[in-house]
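Read through the structure below, which is laid out as structure tokens, and then see the notes.
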Amino acid sequence: MLRFAPSPTGDMHIGNLRVALFNYIVSKQKNEDLIVRIEDTDKERNIEGKDQEILDILALFGIEYSQVIYQSQNVRFHTAMALQLVQEKKAFACFCSPQWLEKKRAQAKENKIAYRYDDACAELPAELVIDNTNPFTIRIKKPQEPIVVKDHIKGEISFAPDDIDSFIIMRQDKTPTYNFACAVDDMLSDVSIVIRGEDHMSNTPKQDHIRNALGYEKKVEYAHLPIILNNEGKKMSKRDDASSVKWLLEEGFLPSAISNYLILIGNKPPCEVFTLEESIEWFELTKISKSPVRFDIDMLRHINNEHLKNLDSKELSRYVGFADDEIGQLAKIYLEEASTTKELKAKIKPIFEEKNIPDEFQEQALLMASTIKSAPYFEEYNDFKNYLMKESGLKGKNFFKPLRILLTGAEHGPDIAEIYKHLKNYIGEIVK
RNA sequence: GGCCCCAUCGUCUAGCGGUUAGGAUCCAUGGUUUUCAUCCAUGUUACCGGAGUUCGAGUCUCCGUGGGGUCACCA
């Protein structure tokens, strides 16, 4: 079993999508189910409808999963297991107040030493606990021995007990913390391998420790993906437009191209342009680079352009807002100067709109327009051109510029002979 | 600051002790084109530094340096 575990607290991030993609690929390779677990234990930060948005994006990208579970539905298990740990004295009630802990943290920071919980409540006598009416959290006792994490990408990494710390597993309001819920749920779902972002690296020994304490013997495998950096070399955040899958989609990047790019970076694929399904054939987690990768929109554009070229013309036509094959074929030609569907639309749409004629060609354009309007239908561009030249008497730049502007609404563009093939049936519509 | 990870062109990477250090992208130039672009050709640009091991180090070891991640009763 594999799992993708997003929290419904914001827009789907490309790093997240990448994690989903890798989980999907590996689940296919291992022939194991992939489940989606919505991590909604923080009621304050949950955003209504984000869960569905995430699911919609997964569908759009062709990421299939066997079921969706909501972490909040598992709290009774979390509670029961926390209780078990307390009874076994592997966890304890901690009465330290948030304010007190915050003060300790500030002190540690001031003294430039790492903050660690001092285990003040770890060995409280039972009567002190029973009589205490103050609110408390539950903390798990830190491990005795270092915990070694085996990661398919990072290799073996050891964490000292002090760095794992006696951390909180249940809050004062009796809800589980992330690490606890996550560790328990992965166990309950019988997850075999966890593929997630590198930012979870330091959570791993904690979650491992929880399962050990619970007596779970199966070793969960891990793979931590290097994070994606922005142009400044920092982790991509909400501030970076390109970090949002929604934004990328709106900019006119194809889902297939986005996944292609996300699988390509920090990887050594046998080829550069491929589909998600193709990548299942050769994908290997161990080939993923250990170092973070920079997001390069130029590369994405290049990949997107290639995917656009591979689309059949009918489909391409729909992406540009039309329905017929002919416009799709026209769009194909424009692919030589556009890399996203948004750019493509910006090229195609003006063709059917009223044209803005620059002052210097005003006169010629007027003459050209009336010549075109009275011209018969020509199958071949050459005949069309010769007729117009003869009738208008225009030539050279004075002929081609107005013609191009009248036909396409742009001063530059693809070879007119090429686009005429797809425009000839619409001439009446185009030149009004 | 503690812990963890990382280090080849601007970017993504090939390399696995002996190479003119290769490819893609980006950029520049030339050719093709009525135009922009495409396409083709060409070109600029990289082994973070220092010690060691070795006949020989981008490749192995150590130490620096640099970059990133993470240190919540968030996930």
Side-chain angles (χ1 to χ4, degrees), chain A residues 5-10 16 38-42 44-46 71 94 96-98 101-102 105 108-116 135-139 149 151 153-155 157-160 162-165 167-182 196-205 224 226-229 231 233-235 261 264-269 271-273 287 289-303 305 333-338 347 385 395-401 403-405 408 410-418:
Chain A
S7 63
T9 54
N16 260 143
I38 306 287
E39 311 232 302
D40 58 347
T41 52
D42 184 358
E44 303 285 302
R45 302 206 329 162
N46 286 346
Q71 190 156 57
C94 171
C96 301
S97 72
L101 293 173
E102 190 43 54
R105 248 193 298 274
K109 187 163 188 169
E110 205 170 305
N111 297 329
K112 293 199 174 230
I113 54 168
Y115 168 77
R116 291 284 123 79
F136 61 91
T137 60
I138 308 278
R139 308 183 89 112
V149 174
D151 189 280
I153 296 172
K154 301 278 177 188
I157 303 168
S158 174
F159 294 87
D162 276 350
D163 292 323
I164 294 168
D165 211 4
F167 60 96
I168 295 174
I169 59 173
M170 294 293 274
R171 304 183 186 106
Q172 283 184 350
D173 67 1
K174 309 287 182 291
T175 59
T177 58
Y178 162 75
N179 273 311
F180 192 59
C182 183
R196 63 195 347 179
E198 192 182 17
D199 46 341
H200 283 290
M201 197 66 230
S202 54
N203 288 326
T204 308
H224 286 90
I227 52 155
I228 303 175
L229 269 26
N231 255 335
K234 300 284 180 196
K235 186 178 174 180
Y261 177 69
L264 173 72
I265 53 171
N267 202 351
K268 322 178 201 312
C271 55
E272 214 167 48
V273 179
K287 285 196 174 166
S289 153
K290 291 184 188 179
S291 40
V293 283
R294 242 171 240 245
F295 182 84
D296 181 3
I297 200 148
D298 282 329
M299 192 62 177
L300 210 209
R301 290 174 57 82
H302 170 243
I303 300 288
N305 187 271
I333 296 170
Y334 271 95
L335 241 28
E336 61 191 39
E337 48 191 52
K347 302 270 183 193
K385 182 187 73 180
K395 52 188 175 187
K397 200 177 170 188
N398 280 330
F399 174 84
F400 288 107
K401 277 275 173 180
L403 177 61
R404 174 178 293 287
I405 294 167
T408 68
E411 288 195 52
H412 304 289
D415 190 357
I416 300 184
E418 282 303 307

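As the structure is a computational prediction, the values presented were derived from the model and not from experiment. Letters go in sequence order (proteins before strands), and every chain restarts at 1.
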Base, sugar-phosphate, or nothing for [X], non-hydrogen atoms under 4.0 angstrom?
X         : value
Asp415(A) : base
Asn203(A) : base
Lys235(A) : sugar-phosphate
Gln172(A) : base
Leu335(A) : nothing
His200(A) : base
Arg105(A) : sugar-phosphate
Cys96(A)  : base
Gly233(A) : sugar-phosphate
Pro414(A) : base
Ser289(A) : sugar-phosphate
Arg45(A)  : base

In whole angstrom, what separates [X]'s [atom1] from [N]'s [atom2]?
X         : N      : atom1 : atom2 : value
Ile153(A) : G68(B) : CD1   : P     : 21 Å
Lys397(A) : U33(B) : NZ    : P     : 18 Å
Lys287(A) : C16(B) : NZ    : P     : 14 Å
Met299(A) : G10(B) : CE    : C1'   : 14 Å
Ile164(A) : U70(B) : CD1   : C1'   : 14 Å
Phe159(A) : C71(B) : CZ    : P     : 12 Å
Arg196(A) : U70(B) : CZ    : C1'   : 13 Å
Met201(A) : C6(B)  : CE    : P     : 10 Å

So does [X] get a side-chain nitrogen or oxygen closer than 4.0 Å to the phosphate oxygens (OP1/OP2) of [N]?
X         : N      : answer
Ser158(A) : C4(B)  : no
His412(A) : A37(B) : no
Lys401(A) : U34(B) : no
Lys347(A) : A37(B) : no
Lys290(A) : A7(B)  : no

Quote, to the nearest angstrom, the [atom1] distance that separates [N] from [M].
N      : M      : atom1 : value
U44(B) : G49(B) : C1'   : 25 Å
G43(B) : C48(B) : P     : 25 Å
U8(B)  : G68(B) : P     : 14 Å
C39(B) : A46(B) : P     : 26 Å
A41(B) : C26(B) : P     : 15 Å
G64(B) : C4(B)  : P     : 14 Å
U45(B) : A37(B) : P     : 25 Å
U13(B) : G58(B) : C1'   : 14 Å

Between [X] and [Y], is there a side-chain N and carboxylate O pair less than 4.0 Å apart?
X         : Y         : value
Arg139(A) : Asp165(A) : no
Asp151(A) : Lys154(A) : no
Lys401(A) : Glu411(A) : yes

We want to know whether Asn203(A) and Asn179(A) form a side-chain donor-acceptor pair, criterion being a heavy-atom distance below 3.5 angstrom.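 The answer is yes; a qualifying pair exists.
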
Find the partner of [N]: check Watson-Crick (N1-N3 plus N6-O4 or O6-N4) and G-U wobble (N1-O2, O6-N3) distances, both under 3.5 Å, and reply none if neither fits.
N      : result
A7(B)  : U65(B)
A72(B) : none
C55(B) : G18(B)
U34(B) : none

Between [options], which one does the side chain of [X] approach most closely?
X         : options                : result
Pro98(A)  : C73(B), U11(B), C5(B)  : C73(B)
Lys268(A) : A14(B), U11(B), C36(B) : A14(B)
Ile157(A) : U70(B), C73(B), C5(B)  : C5(B)
Asp296(A) : G10(B), C5(B), U38(B)  : G10(B)
Ser7(A)   : A75(B), C26(B), C73(B) : A75(B)
Asp199(A) : G2(B), C26(B), G69(B)  : G69(B)
Ser291(A) : G68(B), U34(B), C6(B)  : C6(B)
Val293(A) : C12(B), U25(B), G2(B)  : C12(B)

Discussion item. Looking at Arg404(A) and U35(B), is any side-chain donor or acceptor paired with a base atom of the opposite kind under 3.5 Å?
Written reply: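 Pair found.
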
5' precedence on RNA chain B between Ile168(A) and Gly396(A) (nearest-nucleotide basis)
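First, find each residue's nearest nucleotide; the 5'-ward one identifies Gly396(A).
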
Worksheet item: Mapping Ser202(A) and Asp163(A) to their closest nucleotides on RNA chain B, which lands nearer the 5' end?
Response: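 Counting from the 5' end, the first nearest nucleotide belongs to Asp163(A).
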
Open item on the list: Phe167(A) vs Phe180(A), test: ring-ring contact (aromatic ring centres under 6.0 Å, His included). Steps then yes/no.
Closed with: CA-CA 10 Å; Phe167(A) 60 96; Phe180(A) 192 59; 8.7 Å; no

Q. Once you round to the nearest 0.5 Å, how far does SG of Cys182(A) lie from CZ of Arg196(A)?
A.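 The CZ atom of Arg196(A) is 5.0 Å from SG of Cys182(A), to the nearest 0.5 Å.
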
Check: When rounded to the nearest 0.5 angstrom, what distance separates CG in Leu300(A) from CG in Asn305(A)?
Finding: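 The CG atom of Leu300(A) sits 11.5 Å away from the CG atom of Asn305(A).
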
Surrounding NZ of Lys397(A) (heavy atoms of other residues, nucleotides or ligands, distance under 6.0 Å), is the total greater than 12?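 No, the 6.0 Å shell around NZ holds no more than 12 heavy atoms from other groups.
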
For this session: Quick one: do Tyr261(A) and His302(A) satisfy ring-ring contact (aromatic ring centres under 6.0 Å, His included)? Show the steps, please.
Result: CA-CA 10 Å; Tyr261(A) 177 69; His302(A) 170 243; over 10 Å; no

Does Lys395(A) qualify as a cation-pi partner of Phe400(A), given the criterion of NZ or CZ under 6.0 Å from the six-membered ring centre and within 45 degrees of its axis?
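The answer is no, since Lys395(A) fails at least one limit relative to Phe400(A).
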
